[in-house]
Amino acid sequence: MAPHVWHSLVAETQFATELALTGLRRLCSVPAGQAADAWGSDDLNYALHVGMYSYASGLERLCKLAIACHGHGTTGQFPRLRGYSHKIGGLLDAVETLSIPESGASARKSAFLARPIDDLDPGLTSMIERFANGAGRYEHLDSLWNDDAEVSTFTEWSALARGLEVSDDVRDLLSLRWAVSRAIESELISDGLECAAGAALDDLDVTFYEPSVSVMLRLFRKVRWVSVILDLATDQQRPGIPVLGEVVSPIFIHSTRDFFSYHVARLGDENVVRSELEGAYERINAREIEDEDAECVEESWRED
């Protein structure tokens, strides 16, 4: 086994994992639903292209890694992958045909081993494939010179997201994320760091739209499934082949709720966060009362 193979597999898996995760996070901020209608502007719609570009590339690469590693484990040779191109649907179908023994899978991984069935498919997968193939990636540039170019990615996303809701658990995490953002902002301002922490506050203040979060979680489940296949395809110690589950498992092989909590909302230990928020909001409320008292004193002085 050539020494570069280990490093190439690890680097490509790290690359694909971060691409997919970055895309999933960004897709949460795509305006959708009543909140987007109230916003009344399309200047945030570009977030869809940012998220889709990253996610589609990450998913494609993870699929190809799973196919390549399974092929090597079966035949001793890595198959050529260029024929798959950017055909996401075909790649997902190819991953589904891989013979992965379930005997070595933990109960947690076994629960995610079957290809997820989604009520938005085939439309959701078709949208990803259209984007990955270039029709979506370049639609705005193409429209500059081609009057017949179809600019439809946002329309397709909006149609898929229309009327979608998230579970009560995820909605609770969205509320907790908002509370954390407000608390951190207030505490930093109180400590005189409003300007210094401006960039961090901007990141905390990014709006997540519930219908887009719902679509994002469906896309996550596709990545989770492919990650489990890749994990199991490399879990047997073979010379020159890394255990790639060590890369994908910490990020993707979780329940939907845990993935959203830890890797999208980035809340960490919920119980600790809630406890810290109680203390923070006690301080915030005390400051607000103090400010109100000071304002009353000032008004009284002015009247005198």
Side-chain angles (χ1 to χ4, degrees), residues 15-16 18-64 67 80-95 116-166 202-203 205-223 226 264:
F15 181 33
E18 187 160 338
L19 279 172
L21 177 59
T22 300
L24 290 168
R25 286 172 174 165
R26 197 69 177 96
L27 288 171
C28 292
S29 62
V30 177
Q34 294 181 351
D37 294 338
W39 173 252
S41 172
D42 63 0
D43 61 352
L44 297 179
N45 293 2
Y46 76 95
L48 175 58
H49 285 73
V50 177
M52 284 294 293
Y53 192 96
S54 185
Y55 171 79
S57 180
L59 177 62
E60 175 188 323
R61 290 170 180 274
L62 287 171
C63 286
K64 289 178 177 177
I67 294 166
R80 294 182 178 274
L81 300 169
R82 286 189 176 275
Y84 290 101
S85 186
H86 306 296
K87 299 172 183 176
I88 298 295
L91 283 164
L92 293 173
D93 291 342
V95 171
I117 299 172
D118 197 288
D119 56 353
L120 294 185
D121 272 328
L124 182 57
T125 298
S126 295
M127 185 189 70
I128 303 167
E129 181 165 314
R130 175 183 175 275
F131 190 92
N133 276 325
R137 282 187 295 161
Y138 298 104
E139 61 184 10
H140 290 303
L141 286 173
D142 288 344
S143 71
L144 298 178
W145 61 269
N146 181 2
D147 291 339
D148 295 326
E150 186 178 11
V151 181
S152 63
T153 303
F154 186 78
T155 301
E156 292 174 13
W157 179 273
S158 298
L160 291 169
R162 185 175 297 116
L164 293 184
E165 298 180 348
V166 294
D202 287 344
D203 288 341
D205 203 37
V206 172
T207 299
F208 281 5
Y209 295 88
E210 186 173 311
S212 287
V213 171
S214 184
V215 179
M216 180 279 294
L217 292 175
R218 287 167 162 82
L219 295 176
F220 155 68
R221 287 189 277 271
K222 295 181 187 296
V223 167
V226 175
V264 181

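Being a predicted model, the structure only gives us computed values, none of them experimental. Worth knowing before you read on, the calculation uses all heavy atoms, side chains too, and leaves out hydrogens, waters and symmetry mates. Just so you know, residue 1 is the first one in the sequence shown, and it goes up from there.
Listed by chain and residue number, Arg218 satisfy the salt bridge (charged side-chain N to carboxylate O under 4.0 Å, His left out) test with Asp119 (two or more places apart in sequence, or in another chain). Legend: residues meeting salt bridge (charged side-chain N to carboxylate O under 4.0 Å, His left out) with Asp93, ordered by chain and number and at least two apart, are Arg115.
Annotation: side chain of Thr125 is in contact with side chain of Lys222 (closest heavy-atom distance under 4.5 Å). Counting only heavy atoms from C-beta outward, the side chains of Ile67 and Tyr84 approach each other to under 4.5 Å. With contacts defined as side-chain heavy-atom distances shorter than 4.5 Å, the pair Val264/Val213 does not qualify. Leu92 places a side-chain heavy atom less than 4.5 Å from the side chain of Val226. Side-chain contact between Leu27 and Val215 is absent, with no heavy-atom pair separated by less than 4.5 Å.
Judged by distance alone, with hydrogens and angles left aside, the side-chain atoms of Tyr55 form a donor-acceptor pair with the main-chain N or O of Leu219 at under 3.5 Å. Using a distance-only test at 3.5 Å, with no hydrogens or angles considered, a donor-acceptor pair links the side chain of Ser212 to the main chain of Val30. Between the side chain of Ser57 and the main chain of Ser54, no donor-acceptor pair closer than 3.5 Å is present.
Listed here is the closest heavy atom pair of His86 and Glu60: ND1-OE1, 2.8 Å. Across all their heavy atoms, Gly90 and Glu129 have their closest contact at N-OE1, 4.0 Å. Looking at every heavy atom in both residues, Ser214 comes nearest to Val166 through N-CG1, 3.9 Å. Of all heavy-atom pairs spanning Ser29 and Val206, the tightest one is CB-CG1, 3.7 Å. Between Ala161 and Pro211, the shortest heavy-atom distance links the atoms O-CB, 3.4 Å. Of all heavy-atom pairs between Pro31 and Asn45, the closest is CG-OD1, 3.7 Å.
Between the CZ atom of Arg137 and the OG1 atom of Thr153 there is a distance of 11.0 Å, given to the nearest 0.5 Å. Going from atom CG of Leu144 over to atom CG of Asn146 covers 10.0 Å, rounded to the nearest 0.5 Å. Note that OG of Ser85 and CG of Asn133 are 5.5 Å apart. Values are rounded to the nearest 0.5 Å. Atoms CE and CZ, from Met52 and Arg130 in turn, are 9.5 Å apart once rounded to the nearest 0.5 Å. Of the inter-residue distances, the one linking Leu19 atom CG with Leu24 atom CG reads 11.0 Å to the nearest 0.5 angstrom. Distance CG/Leu91 to CD1/Ile128: 11.5 Å, rounded to 0.5 Å.
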Quick one, Glu156 with Ser152, criterion side chain to side chain donor-acceptor pair (under 3.5 Å). Give me CA distance, side-chain angles, the key distance, then yes/no. CA-CA 6 Å; Glu156 292 174 13; Ser152 63; 3.0 Å; yes
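The environment of CD1 in Ile117 is sparse: at most 12 heavy-atom neighbours from other residues, nucleotides or ligands sit within 6.0 Å.
Centroid-to-centroid, the aromatic rings of Phe131 and His49 come within less than 6.0 Å.
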